[in-house]
Amino acid sequence: MTAPSAVILAADYYLHNFERLINAAARYLDILPAEPLAALNQYQQLSRDARMLLVRLLSRKGLYFRREKLHYIEISELDNAANELIFSGLVSDTPPAADQLFSLLTLAELKPVAATVGINASTKAQLLMALGELTNIDDVALRFSELLGLQWLSLQCQSLLELLLLLYFGNNYQDLSQFVLSDIGMQPFEQYQIRPADRPYQTAADIEAALRLSELSKAWHDAIERKQPLNCEDVLAKLPATQNNRILERRRQRMLFVIGRQAERAKALALAQQCYLQCDSWAAQERLSRVYEKTNVAAAATLLPQLWHAAPNETLRLSVQRICKRVAKQTCAEELTSLSVQAVQYQPPSKMELSLPYVAGVSVEQQLVQYLSGQGACAYFCENSLLCGIFGLAFWDIIFAPVIGAFDNPYQRAPRDMYQPSFAEERQTLIEQRFAALATGDFGIIKQHFTEKQGLTNDWVNWRVLTEDVLAQALSNFSARFICAVCQRLLQDPAHYRSGQPDIILFESDGAPQFIEVKGPGDTLADHQGYWLNFLAQFYPASVCYVQWQP
DNA sequence: ACCCGACACACACTG
DNA sequence: CTGCGGTATG
DNA sequence: CAGTGTGTGTCGCATACCGCA
Ligand SMILES: [Mn+2]
Ligand SMILES: [Mn+2]
């Protein structure tokens with residue numbers, strides 16, 4: 001109730017936010033499906049109170065609500081509002097199905113009434129289970145409801161909200177709370193330019209496909225959450241055909257990849273192959289070659305060398321090489337044999353060993369930081385946040401540059417094409433200019449963005465970890481050559497190189513930097529971590545520290 | 001950038 | 001009474 | 001064994017409150 005934040009929102013803030021969605025959807029009026037369009041018209045005719053109640057209900061979890069559990073002091077006539085909503089058809093007063101109805105009652109409510117039908121159980125789960133086995137379950141549920149004098153409100157327009165969110169954010173995970181987080185300053189965003197010209201969806205078919213993809217994805221994750229049964233074939237059949245819209249096609253391929261993985265687990269390799277063949281991503285190509293390894297050695301022998309040569313990073317190349325080695329044993333393709341022999345340039349990183357007293361509840365990384373600090377050095381546990389953060393700050397304005405199609409709502413943490421090859425291509429000149437400036441050793445732009453953009457959401461900057469302290473040390477001790485090389489590497493394959501960076505950055509008393517990847521007992525160095533250490537070792541000491549617990 | 005990745009950690013399988 | 005997970009709120 | 005591959009759990013605003021064990 002008491003507002004902890006300095007910002008105080010208007011009493012009807014949520015209505016405003018919902019209407020932001022509606023206003024933004026105006027650009028799609030010509031291509032909206034009939035059903036949500038009708039709901040939208042109904043909404044426009046509602047009184048203010050009814051709108052407010054509707055948005056309150058839409059913001060809650062679930063579709064069914066007990067009237068007496070709703071207390072909204074900012075809505076003056078709740079009953080009138082509810083009746084109006086029911087009259088409009090956007091909400092109905094039908095009670096939920098029996099099992100749903102039961103679960104919306106409290107244990108205290110259930111117990112005495114359940115006893116009248118001869119059910120006595122101590123926990124709610126047991127009670128629900130027993131009630132579920134009644135043959136006259138629906139009658140019993142309705143009787144319970146009447147006995148308790150319950151009135152029900154059931155949302156009939158949830159799909160309208162889902163559509164509005166999908167159109168506004170272009171994804172399935174951001175929702176109305178995004179507005180609040182931004183408005184109260186909890187998660188503010190950069191004020192980049194949004195070009196009104198391009199709307200993400202162009203045709204009615206686009207919207208239809210977007211809706212279908214989001215439904216399939218939701219159903220998929222629902223099934224996972226409830227454990228079982230995932231019918232890959234079924235979902236694959238329901239998936240829309242190849243999309244012209246780049247964003248939609250990317251979403252489709254994401255879904256295809258997930259289905260493919262599941263098919264692999266279910267040993268449906270032909271199905272998995274069918275999925276992966278429709279995907280462009282490197283990950284899918286790698287999975288495809290693993291499928292071929294088991295089902296079609298000849299195909300593997302063709303695909304693997306292609307992958308090996310085209311691989312955008314060492315980690316993928318190494319994985320491909322390992323598969324090569326195995327496949328080479330099954331076939332005598334000489335190209336495979338030669339590839340499997342070729343070294344993927346990799347130096348085992350230098351190792352250190354250390355024994356530390358075990359302290360419960362403190363991570364190995366933290367303990368090593370403490371230990372090193374005791375040695376007179378400055379150590380920070382930054383993982384990916386240091387190098388990614390430096391990149392994010394150095395290229396802030398370029399990341400948020402108003403490229404066509406990059407931004408379509410004010411709540412993006414990166415441009416749409418951040419992890420596509422087009423990112424660097426379309427900003428080529430800006431990027432080159434920035435490198436030229438950085439190469440002179442002038443890191444002013446980084447410091448400037450650190451202060452000016454403090455707290456703003458950027459997919460590359462983790463403000464919690466990248467403190468003024470670490471950054472200052474880094475900027476005064478890293479060479480321009482090093483910072484440029486790191487940024488080049490990140491730009492080369494941003495999605496891949498944003499991870500695998502060492503746990504700890506250490507500055508010795510003279511400022512000399514050193515990178516350390518910490519490994520506790522039972523943890524091993526991952527491939528991408530090794531390659532980062534290799535890369536860093538060209539500039540500064542970079543090693544793995546194996547920690548053991550003192551007996 | 002779509003309930004995700006990024007980590008460590010926990011297995012299982014293979015030669 | 002307590003602590004925990006889920007939910008609602010700004 | 002080591003070297004692989006795959007599958008898990010955790011965390012991501014802060015705060016208040018509810019229902020349950
Ligand atoms: Mn780590
Ligand atoms: Mn580590």
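Because the structure is predicted, anything quoted here is derived from the model rather than measured. A note on names: the letters A, B, ... follow the listed sequences, proteins ahead of strands, and every chain is numbered from 1.
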To the nearest angstrom, how far is [X] atom [atom1] from [N] atom [atom2]?
X	N	atom1	atom2	answer
A/R498	B/dG5	CZ	C1'	9 Å
A/Y173	B/dC3	OH	P	6 Å
A/E365	D/dT10	CD	C1'	13 Å
A/L525	D/dG3	CG	C1'	14 Å
A/I184	D/dA16	CD1	P	14 Å
A/D527	D/dG3	CG	C1'	11 Å
A/K519	B/dC9	NZ	P	8 Å
A/E74	C/dT9	CD	C1'	11 Å

Options [options], nucleotide nearest the side-chain atoms of [X]:
X	options	value
A/N384	D/dG19, B/dC9, B/dA6	B/dA6
A/L181	C/dG10, B/dA8, D/dG19	C/dG10
A/E383	B/dC7, B/dC4, C/dG10	B/dC7
A/H221	C/dT9, B/dA8, B/dC4	B/dC4
A/K61	C/dG10, C/dA8, B/dC3	C/dA8
A/R56	D/dA14, D/dG5, C/dT9	C/dT9
A/T106	B/dA8, D/dG19, B/dC4	D/dG19
A/S499	D/dG7, B/dA6, D/dC13	B/dA6
A/S217	B/dC4, C/dA8, D/dG7	B/dC4
A/R287	D/dT6, D/dA14, D/dG5	D/dT6

What nucleic acid atoms does [X] come within less than 4.0 Å of, heavy atoms only: base, sugar-phosphate, or nothing?
X	result
A/E293	nothing
A/Q529	sugar-phosphate
A/Q174	nothing
A/Y14	nothing
A/R254	sugar-phosphate
A/G500	sugar-phosphate
A/D503	sugar-phosphate
A/N172	nothing
A/Y72	sugar-phosphate
A/T524	nothing
A/H528	sugar-phosphate
A/K218	nothing
A/Q420	nothing
A/K329	nothing

Phosphate contact ([N] OP1 or OP2) by [X] side-chain N/O below 4.0 Å:
X	N	value
A/R326	B/dT14	no
A/R265	D/dT6	no
A/K69	D/dG19	yes

Quick one: do the [X] and [Y] side chains pair a donor with an acceptor below 3.5 Å?
X	Y	value
A/Q420	A/E425	no
A/W532	A/E517	no
A/E190	A/N458	no
A/Q366	A/Q370	no

Q) Between A/K294 and A/L107, who's closer to the 5' end of DNA chain D by nearest nucleotide? A)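 On the 5' side of the pair lies A/K294.
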Q: Please determine if A/R489 forms a cation-pi arrangement with A/F535, meaning its NZ or CZ atom is less than 6.0 Å from the six-membered ring centre and no more than 45° off the ring axis.
A: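 Satisfied, under 6.0 Å and within 45°.
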When the [atom1] atoms of [M] and [N] are compared, how many Å lie between them, rounded to an integer?
N	M	atom1	result
D/dG12	C/dG3	C1'	23 Å
D/dG7	C/dT9	C1'	37 Å
D/dG9	C/dG10	P	34 Å
C/dA8	D/dT8	C1'	30 Å

Q. Are the aromatic ring centres of A/F395 and A/F423 under 6.0 angstrom apart?
A.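 They do not qualify: ring centres at least 6.0 Å apart.
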(Q) Counting the benzene-type ring for Trp, do A/F179 and A/Y14 have ring centres under 6.0 Å apart? (A)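 Between A/Y14 and A/F179, which both carry aromatic rings, the centre distance is not below 6.0 Å.
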Q. Is any NZ, NE, NH1 or NH2 atom of the basic residue among A/D527 and A/R322 found under 4.0 Å from an Asp or Glu carboxylate oxygen of the other?
A.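 Yes, charged N to carboxylate O under 4.0 Å.
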